[in-house]
Amino acid sequence: TEMALRSVSDEKITWDVKKDILGMNGKDWSTLIIDRFCLDGKITSQELVSSWEINMSSLSNLVKKMEGADALTRQLFDLGIPMAIATSSNYESVQKKKILHEDMFARMDLIVCGDDACLKNGKPAPDIYLLA
């Protein structure tokens, strides 16, 4: 988010701001950022989200598995425990993230993305978890 913000502001995204936007869909978090940093007229919500998506796309192939995640998902899979991913990331972004981690993603019974047509409200609303 900070990289996308740099084109129009010198503001830094603090952890307090990150906590507020974590899990939100693009439309919601970008609106919050624009309001919080008084950027109305300097950048649109769509421009901010597009810039963020371009930055994230370039970093997708660098994402490493969290320590213990592979072993945990393998054990749960072997025990027959259903698993799902409920992410606010859009489908295209998830497809890029899957490339290096296809083995873990294959263990999931379901992946619900933030741009799923059935999803009415983004996080922190429970909709995505109920859909999963």
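Note: hydrogens, waters and symmetry copies are ignored here, and every other heavy atom, side chains too, is used. Numbering starts at 1 and runs along the sequence shown.
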Spacing of CG belonging to L72 relative to NZ belonging to K65, to within rounding of 0.5 Å: 12.5 Å

With a 4.5 Å limit on heavy-atom distance, are the side chains of I13 and I33 in contact? yes

Do W29 and V49 come close enough that some side-chain heavy atom pair is under 4.5 Å? yes

Of the non-hydrogen atoms in V17 and F37, which two are nearest, and what is the gap between them? CG2-CZ, 4.3 Å

Any side-chain heavy atom of T31 sitting closer than 4.5 Å to one from L48? no

Taking everything shown except E102 itself, do over 12 heavy atoms lie less than 6.0 Å from its CD? yes

Within the structure provided, determine whether S45 and I34 are in side-chain contact (heavy-atom separation under 4.5 Å). yes

Taking D127 for the side chain and L119 for the main chain, is one N or O donor matched with an acceptor at less than 3.5 Å? no

When you group the ILVMFWY residues by side-chain heavy-atom contacts below 4.5 Å and let the links chain together, are V94 and L100 in the same group? no

Would you give the length of the straight line joining atom CG of D28 to atom CD1 of I21, rounded to the nearest 0.5 angstrom? 11.0 Å

When rounded to the nearest 0.5 Å, the distance separating OG of S30 from CG of L39 is 11.0 Å

Does a sphere of radius 6.0 Å around NZ in K120 hold more than 12 heavy atoms from other residues, nucleotides or ligands, not counting ones at 6.0 Å or beyond? no

Intermediate values then yes/no, side-chain contact (heavy atoms from CB on, under 4.5 Å), D70 and D103: CA-CA 9 Å; D70 191 49; D103 54 338; 3.6 Å; yes

